[in-house]
Amino acid sequence: MRIVITGGSGLIGSAVAREMGSAGHEVVVLTRDPSRVSPLPPNTRAVQWDGRTPGDWAKLLDGETAIVHLAGDSVAAGRWTEEKKRRIRDSRVQSGGAVMAAIRQAKSRPRVLLQGSAVGYYGACGDEEVTESHPAGDDFLARVCVEWEASTAEASALGVRRPVLRTGIVLSGEGGALPRMALPFRLLAGGPLGNGRQWFPWIHEADEVGAIRFLIERQDADGPFNLTAPAPLTNRDFSRVLGQVLARPSFAPAPGFALRFLLGEMADALLHGQRAMPRRLLELGYAFRYPEALGALRDLLR
């Protein structure tokens, strides 16, 4: 099968490329800068794409093809100015429109389109357990996720199976949130964010990639899926486990007012989590390699 990945130079996209290429699939990574994905994994090539138009890569959809659509400006990089928020939103919605234009141009439809999203879709939910049937929230990230998902909704009407990846915080030793979270602990200044009572919907990178492969291969997988570990923790409890694995104390909380001063509106995403549960993944029979935070962090930080 040919696997076409948008946003393939990012943390998740590059890991999916390695997994699917190693499994013998032909992988095509769409990226604004092909040099960013060098060296390439086995069976993988990079194709330049502006993220706004279908371009010549639409012809790659002919035949046995899956699209993994992850493209979007980083939410975690930089303060959320109005310009940054515009880029976060537009990069997702415009790229989704371009993916749909490519599907319409293709001589034959792809077998499946995996649409990127995030558990931020649900907004702030307090202690409520959140499954895929929970309604959308109304903060900035929730509105972005709603529009991001809607940008490719037409694919279902065209007969393309479309699992939606509502991903939590992906833990990886290669980048993303975990190295930045671990640094204060290594400096003996680690602790929870704010009061620590907010939920922390995490997932090990191996399970993020494993779930994506599972959803590509399962012909009955369609609609929204929470890609989060089945044992979420509060931020305080996760910080305690992180300190345990690093053999460092976890007693220096980062006050909410300080986070808001430093990060602006982005701080709300850190101070209001979701107790997201991967109900539909579990119902389909996906077996998590790292269901518990202790095992996940020991693997990543060993």
Side-chain angles (χ1 to χ4, degrees), residues 75-76 79-80 117-145 166-172 176-205 207-208 226-279 281-282 288 290-298 300-301:
V75 172
R79 190 181 180 91
W80 284 3
S117 188
V119 292
Y121 173 94
Y122 304 110
C125 302
D127 290 329
E128 183 179 0
E129 190 171 281
V130 176
T131 64
E132 292 86 354
S133 61
H134 197 280
D138 193 37
D139 57 23
F140 168 70
L141 278 184
R143 293 192 298 271
V144 167
C145 287
R166 292 180 182 163
T167 295
I169 299 167
V170 179
L171 302 183
S172 169
L178 183 58
R180 286 181 285 179
M181 294 177 66
L183 181 59
F185 286 85
R186 298 186 191 278
L187 299 176
L188 302 178
L193 302 179
N195 61 29
R197 292 195 296 267
Q198 71 275 27
W199 287 89
F200 188 79
W202 65 274
I203 186 169
H204 190 295
E205 179 187 64
D207 281 315
E208 175 76 9
N226 288 344
L227 269 59
T228 57
L233 298 174
T234 64
N235 183 268
R236 180 177 300 278
D237 287 340
F238 185 87
S239 298
R240 177 184 53 77
V241 176
L242 179 56
Q244 177 184 344
V245 172
L246 292 172
R248 296 292 192 275
S250 175
F251 58 78
F257 72 86
L259 288 172
R260 289 189 174 92
F261 177 77
L262 292 171
L263 303 177
E265 188 178 353
M266 179 183 168
D268 289 335
L270 302 175
L271 297 171
H272 303 290
Q274 299 81 22
R275 191 181 180 182
M277 300 296 294
R279 184 184 66 182
L281 265 181
L282 294 172
F288 280 82
Y290 298 98
E292 303 284 344
L294 181 60
L297 291 173
R298 281 176 171 167
L300 293 167
L301 297 172

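A donor-acceptor contact shorter than 3.5 Å links the side chain of Arg275 to the backbone of Asp127. Side-chain atoms of Asn195 come within 3.5 Å of backbone atoms of Arg197 as a donor-acceptor pair (strictly under, hydrogens ignored). When atom types are taken as modelled, the side chain of Gln274 and the backbone of Gly123 share a donor-acceptor pair closer than 3.5 angstrom. Panel note: side chain Thr228, backbone Ala276; a donor-acceptor pair is recorded below 3.5 Å. Here the side chain of Asp207 pairs no donor or acceptor atom with the backbone of Phe288 at under 3.5 angstrom. Here the side chain of Gln198 pairs no donor or acceptor atom with the backbone of Asn235 at under 3.5 angstrom. Between the side chain of Arg143 and the backbone N or O of Asp138, at least one donor-acceptor pair lies under 3.5 Å.
Atoms CD1 and CD1, from Ile203 and Ile169 in turn, are 11.5 Å apart once rounded to the nearest 0.5 Å. Rounded to the nearest 0.5 Å, atoms OG (Ser239) and CG (Leu233) are 9.5 Å apart. Taken from CG in Leu171 to CZ in Phe200, the straight-line distance is 5.5 Å, to the nearest 0.5 Å.
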(request) Using the side-chain contact (heavy atoms from CB on, under 4.5 Å) rule, take Tyr122 and Glu128 through it: C-alpha gap first, then chi angles, then the decisive distance, then the call. (result) CA-CA 11 Å; Tyr122 304 110; Glu128 183 179 0; over 6 Å; no

(message) Checking Phe185 against Leu301 for the side-chain contact (heavy atoms from CB on, under 4.5 Å) test, could you report, in this order, the C-alpha distance in whole Å, the side-chain angles of both residues, the deciding distance, and whether it holds?
(response) CA-CA 12 Å; Phe185 286 85; Leu301 297 172; over 6 Å; no

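Between Leu227 and Pro278, the closest side-chain pair of non-hydrogen atoms is not below 4.5 Å. Contact annotation: the side chain of Arg298 approaches that of Gln244 to within less than 4.5 Å [non-hydrogen atoms, C-beta and beyond]. Side-chain contact between Leu178 and Trp202 is absent, with no heavy atoms from C-beta onward closer than 4.5 Å.
With sequence neighbours left out, Glu208 forms a side chain to side chain donor-acceptor pair (under 3.5 Å) with Thr167. Every residue two or more places apart in sequence or in another chain that forms a side chain to side chain donor-acceptor pair (under 3.5 Å) with Glu205 is listed here: Ser172. For Thr234, the side chain to side chain donor-acceptor pair (under 3.5 Å) criterion is met by Asp237, not counting sequence neighbours.
Considering all non-hydrogen atoms of both residues, Cys145 and Ser117 come closest at CB-OG, 3.7 Å. Annotation for Leu282 and Pro230: closest pair CD1-CB, 4.2 Å, computed over non-hydrogen atoms. Contact record, Met181 with Leu242: O-CD2, 4.0 Å, taken as the closest heavy-atom pair. Taking all atoms of both residues into account, the shortest heavy-atom contact from Gly120 to Asp139 is O-OD1, 4.3 Å. Contact between Asn226 and Glu132 at its shortest, heavy atoms only, is N-OE2, 2.9 Å. Taking every heavy atom of both residues into account, Arg279 and Ser133 meet most closely at NH2-OG, 3.9 Å.
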